[in-house]
Amino acid sequence: MFSILQTMWNVFLHMFHRRVTVQYPEEKPYLAPRYRGRIILSRDPDGGERCVACYLCAAVCPVDCIALQATEDSSGRRYPEFFRINFSRCIFCGFCEDACPTYAIQLTPDFEMGEYHRPNLVYEKEDLLINGPGKYPGYNFWRVCGVQIGGKDKGESEREAAPADVHTLLP
Amino acid sequence: MPVEIDVTTVYIEDRPYPMDPEQNLLHQCLSAGFNLPYFCWHPALGSVGACRQCAVKQFKDEHDKHGRIVMACMTPASDGTRISIKDSEAAAFRAGIIEGMMLNHPHDCPVCDEGGECHLQDMTVMTGHDYRRYRFEKRTFRNQYLGPFLNHEMNRCIQCYRCVRFYREYAGGADFNSFALRNLVYFGRDKDGVLENEFAGNLVEVCPTGVFTDATLKRHYTRKWDLEFSPSICTQCSLGCNISIGKRYDTLRRVVNRYNGEVNGYFLCDRGRFGYEFVNSERRIRQSRLRTEAIGPDAAKRHLRDLVASNPGVIGIGSPRASLESNFALRALVGPDRFYAGIPSSELELLRLMLDILRSGPAGTPSLREVESSDAVLVLGEDVMNVAPRMALSLRQSVRQQPIEIAKRLHVALWQDHGVREVLQDAKGPFFIATSSATRLDDIATECCRGAPDDVARVGYAIARALHSSSPEPQDLADNQRAFVESVTNAFKMAKRPLVISGASYRNIGIIRAAANVSRVLPGATLSFITPECNSFGLAFLTGTSLEAAIKAKPTAAIVIENDLYRRLPAPEVDSFFSQCAHVVVLDHLENRTTTRAELVLSTATFAEADGTLVNNECRAQRFFGVFPPSETIRQSWQWLGEWENLDRVIADMSGGVPGLSGIAQAAPSAAFRMSGAKVPREPHRWSGRTAVLANITVDEPKPPVDLNSPLSFSMEGNPDQPPAALIPFFWSPGWNSAQATNKFQEEIAGPLRGGDPGVRLIEAGQGEGIPMASRAAESDEDARLSAPNRDRQGADAFNGALFASVPSAFQPRENEWLIIPLFHIFGSDELSRAAPAVAQLFPDPYLALNADDAAKFGAEASVMGRNLPVRVTPGLPQGVAGLPSGLPPLEGIMLPAWSGISRI
Ligand code: SF4
Ligand code: SF4
Ligand code: SF4
Ligand code: SF4
Ligand code: FES
């Protein structure tokens, strides 16, 4: 009997405590930028697609929910012909972001992806690609790598010497 | 060839290991299973000590704590040697070397096609170099266009020199080199252009970095770990090189070498490596059709069954490019008497004769490894490079055999590549070529002798005669022929392992007989026949009746498998055959003229979709496995034609029912084979996208397709251990992602694969007078029947004792006619690679070949056999002999050799 009364008293006291329940969805919680939610593909500072279709994210994905196919434009710049993430399988581990050598694939603080139909959770490149660099504003892989692409000749990447003159005889 | 070797003891980290003193420490450490990084050493190319990557610490004796750093690849594994791989100084040295190599290395891995199978990546990880300290400018180079097969990305080079050593010294190429000086060494051609060497594609695997990558793969680029692989056999010539084929998203993506110590070793030719693209061709038949209407597989099969039932006279026409199983299925369906070979008698009789000769011996037929170790070679009437390319690469090594004896005498270890080359200089062992025109191996030939095919045969007979008086003597040899015969004879008398190579290229029976005679009078000789196609010998095991006989039989219905008859016989003959046949069924995978004549076309599997057995030119039966999951619409020929449950049932029926084939079941483990209860996975364990590749179609992942025909699975699940040699889908080992992982699958480096190299020989050297060795006891009666027609056919020239007696008479040029012989092209003569875009780019335009004098009589163009063709001056062609490229559209179907007038236009 006494314990029941004590419990009721405790419950009564709680009415005066600070509330911790968040009125989601009216009220949104703060999520850090590095929160691991919906995955996007970003663009480099010049507006080009960042993903170079290296397949590393697909390889590292523990549930194997990324599939893509590499292709190249006429200037030799590689990009994914298609890029698919099956979010109905994704466990949001963030390994893909970790593996990505170009900062293309990033997890975002958006987790509101509920769907009634699983096929709607299959995102193609059009659904993934955003119009900015995401969390990493400065990086452009093509300015570092040695492959020649449209608008960047051999020797024009960062810390690259001009192409060697193989005809020179100077020591 | 395992010879007695002394075994020495070498101490690694103070533990004793038995080692071969004839080898270097790197070779032996790798054989013993150690992971020791290396770049410039290659098991087939030997050591040069250029990269300094294989450093180990060597100690004087057990008390020496100081030691000194040596290059393992340059140090013999002599007795009592004590080394340490783990030693911290050696490890630091190796890490320093890698760091130096990486100074200029571009930041390319994500877009580098080598990534994921890069030896440089592997070695970098192995040495632990993981952060770049170098902050200065990197050197860059411009790339070159090197043809349709290879990409060039020179920035990635680490100057190991493997490419030049392979290209120039091993493969004999001249148009590729290292250029410039100090830290600016460039590997390429003097200017952009297609690499001339037929083995350039091997640079993809020889180069440890991404400088040379497969340009056909780039068009549908997939990482090695994402490809589903199957062990397969190249179908583009008769040698049967072992290949791994990789598939992703319903297309075949690439072909890589699959080591087989006895056959292809580490290398393929470019036709075999890049010709695979026909599998993805637009010309593929992906749907069966009845007349012009598409038809479902069950209806198609029903139609075929009804047709066979209502036409008791239906005949079957087999094919030398279809597997034994498919040919056998057709034979079983129509009955052995109504099964025809699908090749002209001029070819079939030669094949049967060759089989007879090989059966009765005494000369055995060599594997390519044995070809490589032959020390005197005579080629009779074959343009080896263009007909059986990989053999030409082996022959390039064979000319080193005799000079290498000098190196041995001087105690230069044979793995000391530069040492041996210094000793050898330009010395070449005896290598003789007798053909009707210049060949791509003339540069290493001691002497060449040109003549019409009959004269080639006469030269062969003359050599046999010079070696032994019981062989018949050809009369009135020309002086140059006499001189040639004398040189060959002298060389052969001195040789320990002489080899005679011949084949069916000129469709000349005399050449084959002459080659047999030479091999028979020469003790210790081996005899290698080159056959026209990947399963020519297999077909000859199954039937002795030719395509002409099929036509003569005037059947009302015919079933043709995987064979474009318009490539076999002149078009009018084939046309009339088809018009008198009321019903024609064709099973094939590419549209061709024959499929247009069919009432019923059944969409048939290519080698990449099929499983089966092929018999190569040394009568080695080898199994290939498809990489595509079974499909309803595209089926294998034997599946269309019969009701077998799986491949093993066909093999069981065939090995029981066809004399000589009883051994083929041993070519690979059966479908019931399991390793610890599991199948062998076709996919690497890192295969990606399992839950996403089909997600756009269905989110319920379907269960992997079941493979009834092989012990391989269409999945990444299975036993991760090393499978038996015949079932290795791809080479991979922890820490070894590149092709160098092959090391981990061999009993000894460059030796046989663990458990023995795959394939079974159906005929072993001269065992059992005309009786196939594997079936001697059980089938001797059968076999007597099998070979009897051959002997009859030879009539007067039946074995005379053991030698052929009828020498052809000398070639007589005619007044206004030329003997037109077939000329072969590695890129052009093969049927299927026409549908492979990269290879097709290198097809020559059709031409008429004449020698300079004859060519002068005609202008730039001439008319021959009703066609106007540009005239090409071809060195070596004798007066009165002309040549046409064999099999090259639109010249296919012309029966060569043939006499024809040539006229001006
Ligand atoms: S890891 Fe990055 S660059 Fe590579 S495929 Fe994935 S998203 Fe593209
Ligand atoms: S060669 Fe190897 S290490 Fe160099 S970029 Fe290519 S994958 Fe990377
Ligand atoms: S191109 Fe390749 S094989 Fe040739 S030296 Fe450079 S890294 Fe070595
Ligand atoms: S030599 Fe013949 S079997 Fe070998 S890869 Fe070339 S075409 Fe294929
Ligand atoms: S492998 Fe020994 S020095 Fe290159």
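Side-chain atoms are counted along with the backbone in the values below, which use heavy atoms only and exclude waters and symmetry mates. This one's a predicted model, so the numbers in the text were calculated from it and none came from an experiment. Below, read A as the first sequence line, B as the second, and so on, with proteins coming before strands; counting in each chain starts at 1.
Both the backbone and the side chain of B/Thr222 have a heavy atom closer than 4.5 Å to some heavy atom of chain A. Of the two parts of A/Ile85, neither the backbone nor the side chain holds a non-hydrogen atom closer than 4.5 Å to a non-hydrogen atom of chain B. Looking at A/Arg84, the atoms closer than 4.5 Å to chain B (heavy atoms on both sides) sit in the backbone and in the side chain alike. Only the side chain of B/Arg182 has a heavy atom closer than 4.5 Å to any heavy atom of chain A. Only the backbone of B/Phe136 has a heavy atom closer than 4.5 Å to any heavy atom of chain A. Proximity to chain B (any heavy atom under 4.5 Å) is shown, for A/Val166, by both the backbone and the side chain. For A/Asp165, the part sitting under 4.5 Å from any heavy atom of chain B is the backbone (N, CA, C, O) and nothing else. Proximity to chain B is absent for every atom of A/Cys61, based on heavy atoms less than 4.5 angstrom apart. In this structure, chain B has no heavy atom under 4.5 Å from any part of A/Leu121. If you measure heavy-atom distances from B/Arg156 to chain A, the contacts under 4.5 Å come from the side chain alone. With a 4.5 Å cut-off on non-hydrogen atoms, A/Glu81 does not touch chain B at all. In this structure, the portions of A/Arg118 lying under 4.5 Å from any heavy atom of chain B include both its backbone and its side chain. Neither the backbone nor the side chain of A/Glu158 comes within contact range of chain B, judged by heavy atoms closer than 4.5 Å.
Of the listed residues (B/Pro106, B/Ala180, B/Cys109, B/Gly115), the one with the most heavy-atom contacts under 4.5 Å to chain A is B/Ala180. Note: B/Asn696 leads B/Val693, B/Asn155, B/Asn696 in heavy-atom pairs under 4.5 Å with chain A. Of the residues considered (B/Arg139, B/His105, B/Lys218, B/Arg686), B/Lys218 shows the highest number of contacts with chain A, using heavy-atom pairs under 4.5 Å. Your options are B/Arg223, B/His220, B/Arg219, B/Arg248, and the one with the most heavy-atom pairs under 4.5 Å with chain A is B/Arg223. Highest contact tally toward chain B, considering only A/Val122, A/Thr71, A/Thr168, A/Leu169, is held by A/Val122 [criterion: heavy-atom pairs under 4.5 Å].
With 3.5 Å as the limit, one finds no donor-acceptor pair spanning the side chains of B/Asp226 and B/Trp687. B/Tyr134 and B/Asn104 form no side-chain donor-acceptor contact under 3.5 Å, judged by distance and modelled atom types alone. In summary, the side chains of A/Asn140 and A/Asp46 do present a donor paired with an acceptor at a separation below 3.5 Å, with no hydrogens or angles considered.
In this structure, A/Arg19 does not pair ionically with A/Glu27, as no charged nitrogen and carboxylate oxygen lie closer than 4.0 Å.
Remark: the backbone N or O of A/Arg50 is not paired with any side-chain donor or acceptor of A/Ser42 at under 3.5 angstrom. The main-chain N or O of B/Cys112 is never found under 3.5 Å from a side-chain atom of B/Glu153 such that the two would form a donor-acceptor pair. A distance-only check finds a donor-acceptor pair linking the side chain of A/Glu160 to the backbone of A/Gly155 [under 3.5 Å]. With hydrogens and angles disregarded, a donor-acceptor distance shorter than 3.5 Å links the side chain of A/Glu156 to the backbone of A/Asp153.
Contacts from residues 5-18 of chain A to chain B, taken as heavy-atom pairs separated by less than 4.5 Å, involve no residues at all.
Classification of the B/Phe730-B/Phe229 ring pair by plane angle, with boundaries at 30° and 60°, yields tilted. Ring pair A/Phe92/A/Phe87 is parallel by interplanar angle, where below 30° counts as parallel and above 60° as perpendicular. Aromatic ring orientation, B/Phe187 versus B/Tyr161: perpendicular (interplanar angle above 60°, classes split at 30° and 60°). B/Phe274 and B/Phe149 have parallel rings, their planes meeting at less than 30° on a 0 to 90° scale where 60° marks the start of perpendicular. Between B/Tyr186 and B/Phe179, the ring planes are tilted. Angles from 30° to 60° get that label.
Of the residues listed (A/Arg34, A/Arg36, A/Gln106, A/Lys135), the one engaging A/Glu97 in a side chain to side chain donor-acceptor pair (under 3.5 Å) is A/Lys135, and it is the only one.
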Checklist entry - Run the ring-ring contact (aromatic ring centres under 6.0 Å, His included) check on B/Phe176 and B/Phe212 step by step: do they pass? => result CA-CA 13 Å; B/Phe176 178 93; B/Phe212 300 101; 5.7 Å; yes

